[in-house]
Amino acid sequence: MSLAVLPAAPDARLRLGLRAGLGLFILLLAVMPLLNLLPVSHPLHVSDFLVSITGKWICYAILALSLDLAWGYAGILSLGHGAFFALGGYAMGMHLMRLIGPRGSYGHPILPDFMVFLGYQELPWYWLGFDSFPFAMLMVLLVPGTLALVVGWLSFRSRITGVYLSILTQAMTFALMLAFFRNDMGFGGNNGFTDFKELLGQPLNTTAMRSGLFYASLLALVLSFLLCLRITRSKYGRVLTAIRDAESRVRFLGYDTTRHKLFAFVLSAMLAGVAGALYVPQVGIINPGEFSPANSIEAVIWVAVGGRGTLVGAVLGAFTVNGLKTWLTSAAPDLWLFVLGGLFVLVTLFLPKGLIGLAKGRTK
Amino acid sequence: MSGGRRLYLDGVSVVFDGFRALNNLSLIVEPGELRSVIGPNGAGKTTMMDVITGKTRPTQGTVNFGEIDLTRMDEAGIANLGIGRKFQKPTMFDALTVFENMELALKAPRGPIACLRWKLTGGARAQIEQTLEEIGLQERAQDLAGILSHGQRQWLEIGMLLMQDPELLLVDEPVAGMTDAETEQTAALLVRIAGRRSVVVVEHDLEFVRALGRRVTVLCDGSVLSEGSIDHVQNDPRVIEVYLGR
Amino acid sequence: MKHPLLAFLLLVALALPARAQDALTAALEGLGTGFNQTAEAVDRLGASGDPRALPLLRALTEGRLLRRADGTLLIRGEAGVIEALAGAPAEAAEASPVRLNNRVRVALRGALGRLQLLSPDAAERQAAADAVFRSRSADNVAVLETALGRETVPAIRDRLLLALAASRLMASDLADKMAGIAALGASASPEARAVLLEMRGANPGLAAQIDEAVAAVDRRLAIRRAAETVFQGLSLGSVLLLAALGLAVTFGVMGVINMAHGEFVMLGAYTTFIVQEALRTIPALQPWSLPLAVPIAFLVTAACGAALERGLIRHLYGRPLETLLMTFGVGMMIQQAVRLAFGAQNREIISPAWMQGTLMLPGGVAVTQNRLWILVFSLVVLGLTVAAIRLTRFGLEMRAVTQKRAIAASMGIRTGRVDALTFAFGSGIAGIAGVALSQIDNVSPNLGTGYIIDSFLVVVFGGVGSLAGTLVGAFGLGTINKILEPWAGAVLAKVFVLVAVMLFIQRKPRGLFAQKGRAADA
């Protein structure tokens, strides 16, 4: 390890504390499905609801990490990361739809219900191969990655940065939402995909499968965290930080910033795709609403609340804001949008470094 | 530097919205030469730097480095050819330490994967530490660049320029905000560098230019007004008119 | 248009009483004695061109025409039974309904069509002209010529001419046919085209003339369609212009990214709703609620804008990404507040009479009045905006502050005040846009959401900081969108435009009307 310290956390004690906290938190998450197996009367019993919603939040945390890599480190404020998440989800959804086979309501051996309903005679070409799990997983990475590559290359090459890039990515997810709402796109239109039956030969609605998906998501979160840690602590991470703060100066040092940003953006999109792919079998549905620009911008606020530019902050923010959302939307549904809107104002005006920044301020 | 390439500008014009920032400018800097460029505000000094480093595309004219046409390359490509630049307003990465700033500037493969796999070897560390010593910042290596004083930032940027190991250095007002002693040091450093590399210094401070003691080019209204030794240009009536007459 | 017709009818009623009565009575001969006799009588009535035969024929169609054994014809109406022509009350005993078969029904349709051509009611004449055009028979030529001689309404005249041409085409006389083809070829009606194509098979000798006529119709149809597309494009462009104009000031001129811009538009629309409801108690002012809402909406949203700028945005100057997120949150809260106050459902805004209806331009181009008004309105708002920036002291200070803040401040301009006013100005324009959009869009809390991305694309496409660019950008994107729509459908057209703008920004990152020079790099 080099002696060069990471500037993001000058206070080593705080960083140690955060690491330990995160480790403890992951451990806590890991025992949740086990506690779920305890009898309902047991004081340590964790409800099905809590386990399933935590599984969702873990996916959101991966999305937050991916967004933090792009925004917090490389300065690319993407307002379209929800699109990468949704595309990963759709790729997984296509696999799950293919696995339904003849068990659909129409009993067609190959075509999913909505295609029978819409009068499709055969599977569209872009659905071929999705019956294979490895292929579908490849697409979970490649589809979001390719979109990020194209959009990123076009934008970074012409030096579209800052708010222009933000609006462009928002337009991207908006356009995709409109397109996916169309029935003739071959992605189930308005209703998207649902009624999944099985994955990897196991029925989806068993406790074992739910725990399996939970642990898969948790593993993905840990691996994503380590990957992001590896990236941000390398010289490449410092190049990204440098690009975030003074891109043109980096160029004059001889770095092709387009390539560097593109690499980070594509990687980030792929991570978001993984998050979406893990999310879909857990919630059992994917529809074009996932492309809604509001979803993407909500993910931005997770990162902002937690503290952008710190990986722990992204994870912390995803869990905090979503926990708050779950609690408020049932306790005071009218209030939630005020609180969410208020969070945007609060964080940008008073907490630019998020909760982590608040903690840092305390330890000083 | 083996052989070295010469910088060759011929008939370069840059037009912004009808305003001619450069007007048929021609300039040749030989390998290993130290050249001072002076001129009043708006003479086109910084625009000239921008054209050489790829920030601004000339409206017309030739910009070559050796055999290579610089007008076809972007900033990063030109930097990788061996043309380094120090900005008028020192710019670095405030969220990184002095050492990390130097490390980023250090000549090494620039691709994302290469950066990801980069390991700081003993040789590279020694090189960075040696340069830090040369610019007097070895004590501040682990401090964030953002907390340096203006003079220290000037030095850090010169240090970063050296780390790039360029063949041609473009130095924009290196001594602004420096003490007299530092100014002298800087002059000595630039003279030392020249010979191994070509150096183009843009400066307002005529004393500093005199201290460098080499060939001087005077720019005015986007083209070369006079060229020669410092004494020659100071006695050139056109230069006197531009600098003193108004 | 009513008066000459009334006068004419009066003249007919006065001048031709007795003879017409006789002719009509004679025409009734045989009606009700047998199907063939009835059909012939109906034909005679149709040919008579006398509008007084209409009630009788209608009664026959509806089975309300009775025939007494003595041959007297009676009509059963809501008020009782009357004598068919004289109108005197009568006894319905021993009368039986006149029966119909298919032949009679065909005759009835033709006769009714011809007689209705002369009806005093314009809508009835229009419908009759269409019916006669569709039934197409050489027999109609005479009655159509009569009707044309009397008709004064241009739109109905056009229909009659078409019907006449189509009927002539059915005639056996070659000259008549040629005249019919020429007349149909001079029209711009898809139906005329269909008639021509249909007759092509029956008249192989005239194929060349018919083809030529079809080609002529096609040309005219293409021009009309192009004109309609252009209007739709301009209309969409005017909507985009209105939505983007405020943004062109706050983002384009000031460089402040305001994601709550769409919500200001929405607030403008709700202000229109409130003004309308408030004026319900004053009937005299009701038709003017829309013009009244314009200044009120401007003031309301301008005040909101000033409060947003002074209270929040100014703390984030120089941090555009944070401003973007913060204003997005503000927009979210405004939306939720409106949802709680007014409910999530759409609110109805009543269009004033002068904005309703459709205007027919020459060549059959249909233009809806409200869209036309919005088009005019958007240009007026643009003109006022340009005037405010170019001609007023405030505009001068605004330009000074946005170009060289420090120098403006040193000259005694209170830059904070100018910032607040500029932002209020841009927000106020958004409110005005909301008034106009309330006429064509659903007034609901998420009215604004749909406009923010489009507005940004317009401003960026046109060139940030250039109002001329915003104008060209709005109308350009609107027209491109409408040109693509018939090919790709509304949604894909929108997607294409998004992609096209992205690609365009590749080539010209600073938009159509780029601000050139060093200032643009700052």
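Every chain is numbered from 1, with letters handed out A, B, ... down the list of sequences.
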| Quick one: do B:Glu103 and A:Arg238 make a salt bridge, cutoff under 4.0 Å? | yes

| For the residue pair B:Gln164 and A:Leu253, what are the closest heavy atoms and their distance? | OE1-CD2, 3.4 Å

| request: For the pair A:Arg159 and B:Glu75, find out whether any cationic side-chain nitrogen is under 4.0 Å from an anionic carboxylate oxygen. | output: yes

| query | Heavy-atom count around A:Lys353 NZ within 6.0 Å, excluding the residue itself: above 12? | reply | no

| Point-to-point distance, once rounded to the nearest 0.5 Å, from OG1 of B:Thr91 to CG of A:Asp245 | 12.0 Å

| query | Can you tell me how far the CG atom of B:Leu104 sits from the CD1 atom of A:Ile243, to the nearest 0.5 Å? | reply | 9.5 Å

| said: Tell me if a side-chain donor or acceptor on B:Asn80 pairs with a main-chain N or O of A:Gly254 at a distance below 3.5 Å. | reply: yes

| field | Heavy-atom contact with chain A under 4.5 Å, split by part of B:Ile113 | value | side chain

| field | From A:Phe252 atom CZ to B:Leu170 atom CG, the distance as rounded to the nearest 0.5 Å | value | 10.0 Å

| If you measure from NE2 on A:His260 to CZ on B:Arg110, what distance do you get to the nearest 0.5 Å? | 8.5 Å

| note | Okay, A:Tyr255 and chain B: the region with an atom under 4.5 Å from a heavy atom over there is both

| Would you find more than 12 non-hydrogen atoms of other residues, nucleotides or ligands less than 6.0 Å from B:Arg57 atom CZ? | yes

| query | What pair of heavy atoms forms the shortest contact from B:Leu116 to A:Ser234, and how long is it? | reply | CD1-OG, 3.4 Å

| task | Take atom CZ of B:Arg72 as the centre, draw a 6.0 Å sphere, and report whether it contains more than 12 heavy atoms from other residues, nucleotides or ligands. | result | no

| A:Arg251 and B:Ala79: which non-hydrogen atoms are nearest, and at how many Å? | O-CB, 3.9 Å

| Which bit of B:Ala114 comes within less than 4.5 Å of chain A, counting heavy atoms only: side chain, backbone, both or neither? | neither

| task | Search all heavy atoms of B:Pro112 against all heavy atoms of A:Arg259 and return the closest pair with its distance. | result | CD-NH2, 3.6 Å

| query | If you round to the nearest 0.5 Å, how far is SG of B:Cys115 from CD1 of A:Ile231? | reply | 12.5 Å

| field | Residues B:Glu157 and A:Arg249 bridged, charged N to O under 4.0 Å | value | yes

